[in-house]
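Input: a single structure, listed below in structure tokens.
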Amino acid sequence: MSLSRYKGYTTIEQLKESEGKEVTLRGWVYNLRGKGKLQFIILRDGTGICQCVLFQSNVSEEIFQNGKLLTQESSVMITGKVVPTDKAPGGFEIDVTNLEIVTLAKDYPITPKEHGDAFLLEHRHLWLRSSRQHAIMRVRSAVVKAIRDFFDGNGFKLMDSPILTPNACEGTSTLFETQYFDLGKAYLSQSGQLYAEASAMALGRVYTFGPTFRAERSKTRKHLTEFWMVEPEMAFFDLNDDMDLAEDLVEYIVKFVLKTCQQELKTLERDTTMLEKVVRPFHRMSYSEAVEWLQKNKIPLITKVDGKEVETEFPWGEDFGSTQEEAIMEQFDKPCIIHRYPTEVKAFYMKRDPDNEKVVLAMDMLGPEKAGELIGGSQREDNYDLLLERIKHENLPEEEFQWYLDLRKYGSVTHSGFGLGVERTVKWITGAQHIREVIPFPRMIYRIVP
RNA sequence: UCCUGAGUAGCUCAGCUGGUUAGAGCAUCUGACUGUUAAUCAGAGGGUCCGCGGUUCAAGUCCGUGCUCAGGAGCCA
């Protein structure tokens, strides 16, 4: 006899191992169809969905009457024989011999019919139970596992960065502010990168994996105020190594999901032909080549002058907006890396290209199918004086960055890294309409509950 | 922060150029049914038409204003 009773519990996921045997399932009523002396109970247990059939003639009158009392999302324990059938989703159904009500639910708000986004978000704590959200969460879990497996299997060590930080990391986006004891203001981290750099100098190849916070007042289907990001950082990697690693990672994630989540992708009605094309090498072009392409294809820069939209030929030096990124990506069926952006539009810590002072060794990976930016990364400035100059130029507090400058003082080496947005990746792979669907409890500008 | 759009039953929505008692489907409740797949059939209950003010003989509908929400820009993963 096993010491742990739970190890004997049967889940719907493992039903085929119990064909012909009597099992007990523990779960919730997903849906019901009454048919007089016959009752169909669609049961979900977190691992899957299974049809249970309750015949009046097979059970006691009490059990049958209990079956008639059931409501959507009531919790139950159902015992019965596992019977193969093609009439039930999943290929098996339970011929019920016993049914025990755990708790009856009353007036479950999310019915099997359609609902609007606002209503579903207000009921996010319950929405997670529905099959589509359930499938997305399982894919998310697989994506996270793929990321961890990939790094752990390639000599990387997990070195998490602090979430409370004394200053703005990149000095650009708006941060959440809080009072930190007697030491003044602290901010919720918008990136673990600077700490990852210090970690890489200690352990060689590292990655941080955690939540990150942006207080931008964004209202779009690809932004969250709290999201998860994985950030590898590697000593002795130049920009090319960085781009190769980014491609390897994304290819690995997609392959892993295709291998382990076929059922989920089917539930989501995701056409996987595009995902199957995600094989190295990906497309690559420099920023300058991309600008040439935009000019040749007459994709303009749209600016507002006195409230009116003005279209001009896209000039070199301007950062790409979603109009430009989407136009470029429309021609591709797998991700594309754009590298070597103008120095002025990128962060202070990026290393300038020795062959062209006007650009930095930065790279962004854009996904196909309107996935947007999946990755942003760069080779870091490793020269003490140049980095200090950039910090001064951006008016960043020099004292706060002293420890960061130290990394260039004591055995500085070429190093690179990038950040991959977990939700952006899951949104792309699942084909979800909105990024809020791919994180269990989304945090957005006008929504913090539940 | 700027631009655009929306708010009518528990949910999703219809409601025309202002006009009697505001509708439908689903959900809920009652009843029928031994193979349902968003089951079907018969019946019942269910409304602060987002709030406030105005125009009018008459406002869900027109005007003003406030609130809430959505998605697009910017920012980025």
Side-chain angles (χ1 to χ4, degrees), chain A residues 30-42 49 51-58 64 68 71-73 83 85-90 93 95 105-123 130-131 169-175 190-193 210-231 246 250 302-304 307-309 319-323 325-326 345-347 364-367 371-377 418-428 433-436 438-439 444-447:
Chain A
Y30 190 67
N31 203 1
L32 286 159
R33 280 184 282 275
K35 193 79 178 72
K37 292 170 181 164
L38 173 65
Q39 180 91 341
F40 295 97
I41 302 159
I42 315 302
I49 282 185
Q51 172 167 289
C52 303
V53 191
L54 185 64
F55 281 100
Q56 189 168 31
S57 54
N58 289 4
F64 188 74
K68 295 211 123 183
T71 53
Q72 194 190 354
E73 289 302 322
V83 185
T85 172
D86 40 359
K87 287 178 191 164
E93 66 181 19
D95 204 352
K106 196 169 179 285
D107 298 329
Y108 185 70
I110 304 178
T111 61
K113 278 277 181 168
E114 65 209 287
H115 296 282
D117 296 337
F119 178 81
L120 290 170
L121 276 177
E122 275 158 30
H123 296 86
S130 61
S131 61
C169 166
E170 299 183 19
T172 50
S173 67
T174 323
L175 303 186
Q190 59 159 338
S191 166
Q193 184 209 311
T212 181
F213 308 87
R214 306 275 164 95
E216 294 292 339
R217 301 178 80 83
S218 304
K219 284 192 68 164
T220 81
R221 58 183 76 194
K222 37 183 184 187
H223 287 88
L224 290 164
T225 56
E226 178 182 314
F227 64 96
W228 285 69
M229 184 156 71
V230 60
E231 294 175 281
V250 171
I302 299 165
T303 44
K304 276 206 170 165
K308 282 183 186 172
E309 288 193 349
D319 203 1
F320 296 147
S322 46
T323 319
E325 289 182 353
E326 275 179 30
V345 304
K346 287 292 180 183
D364 283 353
M365 186 191 289
L366 307 179
E373 233 175 288
L374 301 171
I375 282 177
F418 61 82
L420 172 127
V422 171
E423 287 78 16
R424 291 262 175 99
T425 305
V426 177
K427 177 177 181 283
W428 165 46
Q433 286 302 299
H434 199 297
I435 199 161
R436 65 191 162 201
V438 307
I439 185 166
M444 296 173 300
I445 177 166
Y446 293 130
R447 198 177 288 283

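Chain identifiers are assigned alphabetically (A, B, ...) following the order of the sequence lines, protein sequences preceding nucleic acid strands; residue numbering begins at 1 within each chain.
The distance from atom NZ of K37(A) to atom P of U34(B) is 5 Å, rounded to the nearest whole Å. For the pair E231(A) CD and C76(B) C1', the interatomic distance rounds to 13 Å; values are reported in whole Å. Between the CG atom of D95(A) and the P atom of G35(B) there is a distance of 14 Å, rounded to whole Å. F40(A) has its CZ atom 4 Å from the C1' atom of G35(B), to the nearest Å. At whole-Å resolution of the value, CZ in F119(A) and P in G7(B) are 18 Å apart. Going from atom CZ of F55(A) over to atom P of C33(B) covers 16 Å, rounded to whole Å. Separating the CD atom of Q51(A) from the P atom of G35(B) is a distance of 13 Å, rounded to the nearest angstrom. When the P atom of U40(B) is taken as reference, atom CG of L32(A) falls 14 Å away, rounded to whole Å.
Using a distance-only test at 3.5 Å, with no hydrogens or angles considered, no donor-acceptor pair links the side chain of T71(A) to the main chain of K106(A).
Between U8(B) and A14(B), the two C1' atoms lie 10 Å apart (nearest whole Å). Taking atom P in both A9(B) and G64(B), the straight-line distance is 25 Å, to the nearest Å. One P atom belongs to G66(B), the other to A24(B), and the distance between them is 37 Å to the nearest Å. For the P atoms, the distance from A44(B) to C50(B) is 28 Å, rounded to whole Å. When the C1' atom is compared between U40(B) and U34(B), the two are found 15 Å apart, to the nearest whole Å. Between C57(B) and C41(B), the two P atoms lie 49 Å apart (nearest whole Å). Between G47(B) and U12(B), the two C1' atoms lie 16 Å apart (nearest whole Å). Look at the C1' atom in both U20(B) and G15(B): the space between them is 16 Å, to the nearest Å.
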Inset, instruction - Heavy atoms under 4.0 Å is the rule here; annotate nucleotides 23-31 of chain B 5' to 3' with B where the base is hit, S where only the sugar-phosphate is, and - elsewhere. - result: ---SS----

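In this structure, G25(B) forms a base pair with C11(B), meeting either the Watson-Crick or the G-U wobble geometry with both donor-acceptor distances under 3.5 Å. Base pairing annotation: U65(B) forms a Watson-Crick or G-U wobble pair with G51(B), both donor-acceptor distances under 3.5 Å. Remark: C2(B) base-pairs with G72(B). Criterion, Watson-Crick or G-U wobble with two distances under 3.5 Å. Pair assignment for G19(B) gives C57(B), based on Watson-Crick or G-U wobble hydrogen-bonding distances that are each under 3.5 Å. Of all nucleotides present, only A42(B) satisfies the Watson-Crick or G-U wobble test against U30(B), with each distance under 3.5 Å.
Atom CZ of residue F320(A) and atom CD of residue E326(A) lie 14.0 Å apart, to the nearest 0.5 angstrom. The CZ atom of R221(A) sits 8.0 Å away from the CZ atom of R436(A) when rounded to the nearest 0.5 Å. In this structure, D364(A) CG and I375(A) CD1 are separated by 9.5 Å, a value rounded to the nearest 0.5 Å. Rounded to the nearest 0.5 Å, atoms CG (L54(A)) and NZ (K68(A)) are 9.5 Å apart. A distance of 8.5 Å separates NZ of K427(A) from NE2 of H434(A), quoted to the nearest 0.5 Å. Interatomic distance, CD1 of I445(A) versus OG1 of T225(A), reported as 8.5 Å (0.5 Å rounding).
Counting non-hydrogen atoms under 4.0 angstrom, G372(A) reaches nothing in the nucleic acid. If you check every strand for non-hydrogen atoms under 4.0 Å, L374(A) touches sugar and phosphate atoms only. At a threshold of 4.0 angstrom between heavy atoms, the contacts of L224(A) include nucleobase atoms, whether or not backbone atoms are also involved. Using a 4.0 Å heavy-atom criterion, one finds that E226(A) contacts no nucleic acid atom at all.
Judged by closest nucleotide on RNA chain B, I445(A) is the one of D364(A) and I445(A) placed further toward the 5' end. Of the residues near RNA chain B, G116(A) and D86(A), the one whose nearest nucleotide (by heavy atom distance) lies more toward the 5' end is G116(A).
E423(A) is listed as a side-chain neighbour of W228(A), based on a closest heavy-atom distance under 4.5 Å.
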Protein and nucleotides 65-74 of chain B: nitrogen or oxygen contacts under 3.5 angstrom:
| unit_1 | atom_1 | unit_2 | atom_2 | d |
| --- | --- | --- | --- | --- |
| C69(B) | OP1 | Y446(A) | O | 3.4 |
| A70(B) | N7 | K219(A) | NZ | 3.0 |
| G71(B) | OP1 | H434(A) | NE2 | 3.2 |
| G71(B) | OP1 | R436(A) | NH1 | 3.1 |
| G71(B) | OP1 | R436(A) | NH2 | 2.9 |
| G71(B) | O3' | R221(A) | NH2 | 3.3 |
| G72(B) | OP1 | R221(A) | NE | 3.1 |
| G72(B) | OP1 | R221(A) | NH2 | 3.4 |
| G72(B) | OP2 | R221(A) | N | 3.4 |
| G72(B) | OP2 | R221(A) | NE | 2.8 |
| G72(B) | N7 | K219(A) | O | 3.3 |
| A73(B) | OP1 | S322(A) | OG | 2.5 |

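Relative orientation of the H123(A) and F119(A) rings is tilted, given thresholds of 30° and 60° on the angle between their planes.
Summarising the geometry of Q72(A) relative to Y30(A), their closest heavy-atom pair is CG-O, 3.6 Å, with the distance given to 0.1 Å. When all heavy atoms of K87(A) and Q51(A) are compared, the pair lying nearest together is O-NE2, 4.5 Å.
Set against U34(B), A38(B), C76(B), the side chain of N31(A) has A38(B) as its closest nucleotide.
Ring stacking holds between F227(A) and A77(B), with the centres under 5.5 Å apart and the planes within 30 degrees of each other.
E231(A) and S191(A) share a donor-acceptor pair across their side chains, judged by distance under 3.5 Å alone.
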